Amino acid sequence: MQLIDNTGKEIIPNPLLDDHSSGNWQLAAKGISQYKTIYLNGRNYRCLWSTAETKEDTSYALMVASSMEEIHSDLQGLLFIFFAVIPLALIITGLTAYFISRAAFRSVTRMAETAQEITASSLNKRLQLPKAHDEVRMLGETLNDMIKRIDSAFKAQQQFIADASHEIRTPLTIIQSELELAERNSTDTLITENIKIALSEVDSMSSLTNSLLTLSKLDSMQMRLDRQPVRLDELLADCIQSMSATAAKENIQLFFHISEAIEILADREKLKSIFVNLIDNAIKYSHTNSAISIKMEKANDDLAAILIKDHGIGIAAEELANIFKRFYRCREVRARVRGNGLGLAIAQEFVAMHKGKILITSEPGKGTLITVQLPIP
Ligand SMILES: Nc1ncnc2c1ncn2[C@@H]1O[C@H](COP(=O)(O)OP(=O)(O)OP(=O)(O)O)[C@@H](O)[C@H]1O
Ligand SMILES: [Mg+2]
């Protein structure tokens, strides 16, 4: 620092500042403060010339110079903060936010996963609610209430289908037996013909009600497997026997090939229903005077394979994916052949209950090969 009075006399001298003070101290003595950066001994100094007033008349000019090194090092620190600490802090904050939000959304993800598992046949499932009493839990409770309402509506609908099918079955059986009696007693050929048409309608309707009843039981999980040791070769022979009359009407020959006897653990009635359905299809969608081959073999030690091959109308490639859907019937057969489009849907569910598979390959105009695979215990 340097203190100079208004006559130019240095009260506190500082020869280092002399050169820089000239011209500035007079202004400072007049009351005009001055700021300037000067270069001294290899360093930058920030200087202030200002009036230093005393009680006496004399005014003084005070010059204060301060090294800028400290400011520079402070600025360096600030630069470090800008380019290293702030990005680091941002990364840490980002990561923390990511992990916190992931933890917070874990319950939402879990709920979404359960929601995805809920299908028409598993409406009894409920979303797992988080422990915290927050908005997510409220959302879960609301969704669970909604699933409960859908479940009740679904059950009521299934019950209605089951009750209706059940109620229709009895009058249908009565109509059928009355029509059969009338057919036997009729002497008029025209009336006999009409009765036959009515009988075939009744037949189709009872098959529809039976299928609907089976599907409603499957949907409401009322269908259980009554597993017992079953000789597959004998069961298939039974099925072929029961379908032989239908095949004979169209002059279709049923060939049965067995390589060895196979015993599996299965529900006899459901297996029969599967194979009768499949053989029925093979007959229905074959040409008259053709042949159907039914082959049973071991695909490997753990798997029995039953192959039903017809030389019928076949199925178009774009329709193959749909034939297991309920009520689906291929375009070509809809108007020509009777059916409800439920046989394969039921067969597939029964095979799945036995942990088996149905595979299908078909060529339009050439025929269809259906393979049923069933596990051997
Ligand atoms: N062996 C086959 N050859 C050609 N088409 C077939 C064969 N099996 C099934 N299909 C086609 O798949 C459709 C669905 O078969 P599904 O057995 O489910 O119904 P459906 O035979 O029409 O009626 P039902 O309920 O009386 O069985 C059939 O309508 C038919 O178009
Ligand atoms: Mg069928």
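Worth saying up front: this structure is predicted, and the values here are computed from it rather than measured. Each ligand, and each atom within it, is numbered from 1 in the order the structure gives.
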Considering non-hydrogen atoms of the protein only, which is the closest contact for [atom], and what is the distance?
atom                    : result
atom 25 (O) of ligand 1 : L342 N, 2.8 Å
atom 22 (O) of ligand 1 : R329 NE, 2.6 Å
atom 20 (P) of ligand 1 : Y285 OH, 3.4 Å

Can you list the atoms of ligand 1 that are under 4.0 Å from a heavy atom of [X]?
X    : result
I315 : 4 (C), 5 (N), 6 (C), 7 (C), 10 (N)
G341 : 18 (O), 19 (O), 20 (P), 22 (O), 23 (O), 24 (P), 25 (O)
Y328 : 13 (C), 14 (C)
I323 : 12 (O), 14 (C)

Of the listed options D310, N340, L320, closest to atom 24 (P) of ligand 1 (non-hydrogen atoms):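 That would be N340.
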Would you indicate which of A316, C330, S207 comes nearest to atom 31 (O) of ligand 1 when only heavy atoms are counted?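 Result: the heavy atom closest to atom 31 (O) of ligand 1 is in C330.
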Check: [X] N/O within less than 3.5 Å of ligand 1 N/O:
X    : value
G343 : yes
D280 : no
L344 : yes

Does ligand 1 have an atom that lies less than 4.0 angstrom from a heavy atom of S211?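 No, that is not the case, since the closest heavy atom of the residue is not under 4.0 Å from the ligand.
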What protein N/O/S atoms sit under 2.8 Å from the Mg ion (ligand 2), by chain and number?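 Per the 2.8 Å query on the Mg ion (ligand 2), atoms found are N281 OD1.
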Using a strict cut-off of less than 4.0 Å between a Lys/Arg side-chain nitrogen and an Asp/Glu carboxylate oxygen, indicate whether R326 and D219 qualify as a salt bridge.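 Result for this pair is yes, salt bridge flagged.
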Carboxylate-amine/guanidinium proximity below 4.0 Å for E180 and R184: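 So E180 does not pair with R184 through a salt bridge.
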I'd like to know whether [atom1] of [X] has more than 12 heavy-atom contacts from other residues, nucleotides or ligands below 6.0 angstrom.
X    : atom1 : answer
E70  : CD    : no
K295 : NZ    : no
H287 : NE2   : yes

Less than 3.5 Å apart, which donor and acceptor atoms pair up between the side chains of residues 93-107 and the rest of the protein, not counting sequence neighbours?
unit_1: T93; atom_1: OG1; unit_2: A89; atom_2: O; d: 2.4
unit_1: T96; atom_1: OG1; unit_2: I92; atom_2: O; d: 2.5
unit_1: S101; atom_1: OG; unit_2: A97; atom_2: O; d: 3.0
unit_1: S101; atom_1: OG; unit_2: Y98; atom_2: O; d: 3.0

